[in-house]
Peer 1: 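Dropping the structure in here first, questions after.
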Amino acid sequence: DYDPNEELFTAAGPAEIWLDNSHLVEGPNDANGAFSLKRPCWARIQNFDSLKYFKSRNLIIADAASDGPIVVRYIPIKNGKLGDVRIVTANHVEADLIETPAGGAELATLIASGGITYQAEGREFIGGTLLYDHAKQWMKVTGSESFPCMANGMLADEIEYDLKTDTIKAEVVGPGELRLK
């Protein structure tokens, strides 16, 4: 549905949306940006109960269906080949978009909450909230009482992931040390 007074698009689910940017031509700076919609890629959003796009604010808000979390898959395409799949699941997602000079849209920030997972290239993060900043190529995962923070299966206070340098900053927490021979 579209409300022209509010400039609001609304989709009801459970449903899914596909984005096919596989036809785009790679530019010289396309290697930068883990989640770029300006380069060749596929993206798929599944299992949302409601999705709202506020056109005037370039804001997308989605809530999960009752049978499980929203699943976002992003697959970059490099030199005509599919790259590693990045998967984010959450019960609530808010995505701020910015308008590109060509009139398209690019992800600026994403906040996923209500219990999240992130999987990509041998990395798995679990927590209560995930914050992604596209300009900084930076991600932060924090835990909550209901959803403890974990980095690759280890409890952590929080996780900071620098996607430019592929470095993770996480202080693992837990009981004392265990040494095996």
Side-chain angles (χ1 to χ4, degrees), residues 1-4 6-65 68-114 116-125 129-141 161-166:
D1 291 330
Y2 178 67
D3 178 345
E6 299 288 326
E7 292 189 302
L8 171 64
F9 292 89
T10 304
E16 67 180 47
I17 295 175
W18 283 85
L19 171 70
D20 176 3
N21 278 351
S22 61
H23 61 283
L24 296 178
V25 178
E26 292 179 60
N29 297 322
D30 284 344
N32 301 331
F35 300 98
S36 177
L37 301 176
K38 294 190 298 186
R39 67 178 185 190
C41 67
W42 283 90
R44 182 179 180 191
I45 303 171
Q46 295 175 269
N47 205 40
F48 61 86
D49 188 48
S50 69
L51 185 138
K52 295 178 181 180
Y53 171 53
F54 299 87
K55 187 174 189 248
S56 62
R57 296 178 4 207
N58 259 343
L59 173 67
I60 296 173
I61 298 176
D63 287 298
I70 298 167
V71 179
V72 179
R73 285 181 173 80
Y74 172 83
I75 307 167
I77 300 171
K78 186 76 173 165
N79 299 323
K81 296 181 182 178
L82 296 177
D84 289 326
V85 179
R86 293 172 172 89
I87 301 172
V88 176
T89 66
N91 287 304
H92 180 81
V93 174
E94 295 186 21
D96 285 306
L97 306 173
I98 54 172
E99 192 169 332
T100 64
E106 178 69 86
L107 181 63
T109 62
L110 181 128
I111 300 171
S113 60
I116 65 92
T117 63
Y118 169 83
Q119 296 173 319
E121 303 177 284
R123 307 223 187 275
E124 180 182 53
F125 306 144
T129 304
L130 178 146
L131 171 62
Y132 169 72
D133 184 312
H134 180 74
K136 295 179 182 176
Q137 287 299 298
W138 173 85
M139 182 185 306
K140 182 176 185 176
V141 176
Y161 183 24
D162 185 329
L163 292 133
K164 286 185 287 192
T165 62
D166 193 32

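What's counted below: heavy atoms across the whole structure, side chains too, no hydrogens, waters or symmetry copies.
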Peer 1: Enter the distance from Glu16:CD to Leu51:CG here, rounded to the nearest 0.5 Å.
Peer 2: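 Reported value, rounded in 0.5 Å steps: 12.5 Å.
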Peer 1: With rounding to the nearest 0.5 angstrom, report the CZ to CG distance, Arg123 to Leu163.
Peer 2: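 Separation between the atoms: 9.0 Å.
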Peer 1: Which pair of non-hydrogen atoms, one from Pro69 and one from Asn91, has the smallest distance, and what is that distance?
Peer 2: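 Heavy atoms only, the tightest pair is CA-OD1, 3.7 Å.
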Peer 1: Can you list the residues that meet the ring-ring contact (aromatic ring centres under 6.0 Å, His included) rule with Tyr161, with sequence neighbours excluded?
Peer 2: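 Once residues adjacent in sequence are excluded, the partners of Tyr161 under the ring-ring contact (aromatic ring centres under 6.0 Å, His included) criterion are Phe125.
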Peer 1: Looking only at atom types and distance, does a side-chain atom of Glu7 sit under 3.5 Å from a main-chain N or O of Pro4, one as donor and one as acceptor?
Peer 2: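 No; zero donor-acceptor contacts below 3.5 Å.
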Peer 1: Taking the side chain as every heavy atom from C-beta outward, state whether Phe48 and Val93 have any atom pair closer than 4.5 Å.
Peer 2: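 A side-chain contact is absent here, since even the closest heavy-atom pair is not under 4.5 Å.
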Peer 1: Enter the distance from His92:NE2 to Thr129:OG1 here, rounded to the nearest 0.5 Å.
Peer 2: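 Going from the NE2 atom of His92 to the OG1 atom of Thr129 covers 10.0 Å.
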Peer 1: Apply side chain to side chain contact (heavy atoms under 4.5 Å, CB included) to residues Asn47 and Ile70 and explain how you reach the verdict.
Peer 2: CA-CA 5 Å; Asn47 205 40; Ile70 298 167; 5.7 Å; no
Peer 1: Enter the distance from Ile61:CD1 to Thr10:OG1 here, rounded to the nearest 0.5 Å.
Peer 2: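 Output value for this atom pair is 10.5 Å.
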Peer 1: Could you tell me whether a side-chain N or O of Asn58 sits under 3.5 Å from a main-chain N or O of Asp96, the two making a donor and an acceptor?
Peer 2: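 Side chain of Asn58 to backbone of Asp96, a donor-acceptor pair under 3.5 Å: no, none is there.
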Peer 1: Minimum heavy-atom separation for Ala90 and Ala64, please, with both atom names.
Peer 2: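 Nearest heavy atoms, Ala90 then Ala64: O-CB, 4.1 Å.
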Peer 1: Determine, for Asp3 against Lys52, whether the closest basic-nitrogen to carboxylate-oxygen distance falls under 4.0 angstrom.
Peer 2: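 No, no charged N to carboxylate O under 4.0 Å.
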Peer 1: Less than 4.5 Å apart, any side-chain heavy atom of Glu94 and any of Ser113?
Peer 2: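 Sidechains of Ser113 and Glu94: no contact.
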Peer 1: To the nearest 0.5 Å, what is the distance between CZ on Arg73 and CD1 on Ile45?
Peer 2: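 Output value for this atom pair is 12.0 Å.
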Peer 1: Answer whether the closest heavy-atom distance between the side chains of Tyr74 and Arg44 falls below 4.5 Å.
Peer 2: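 No, their side chains stay 4.5 Å or more apart.
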Peer 1: How long is the span from the CH2 atom in Trp42 to the CD1 atom in Ile75, to the nearest 0.5 Å?
Peer 2: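 Separation between the atoms: 8.5 Å.
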Peer 1: Does any non-hydrogen side-chain atom of Lys164 lie less than 4.5 Å from one of Trp138?
Peer 2: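 No. Closest side-chain heavy atoms not under 4.5 Å.
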Peer 1: Would you check if Leu130 and Met139 make a side-chain contact, meaning some heavy-atom pair closer than 4.5 Å?
Peer 2: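 Contact flag for Leu130/Met139 side chains = yes.
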Peer 1: Carefully, step by step, assess Leu107 and Leu97 under the rule side chain to side chain contact (heavy atoms under 4.5 Å, CB included).
Peer 2: CA-CA 5 Å; Leu107 181 63; Leu97 306 173; 4.2 Å; yes
Peer 1: Quick one: does any side-chain atom of Asp20 pair with a main-chain N or O of Ser22 as donor and acceptor, under 3.5 Å?
Peer 2: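 Side chain of Asp20 to backbone of Ser22, a donor-acceptor pair under 3.5 Å: yes, one is there.
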Peer 1: Count the heavy atoms belonging to other residues, nucleotides or ligands that lie under 6.0 Å from CD of Glu6, then report whether that count exceeds 12.
Peer 2: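 Counting neighbours around CD of Glu6, 12 or fewer heavy atoms of other residues, nucleotides or ligands fall under 6.0 Å, so no.
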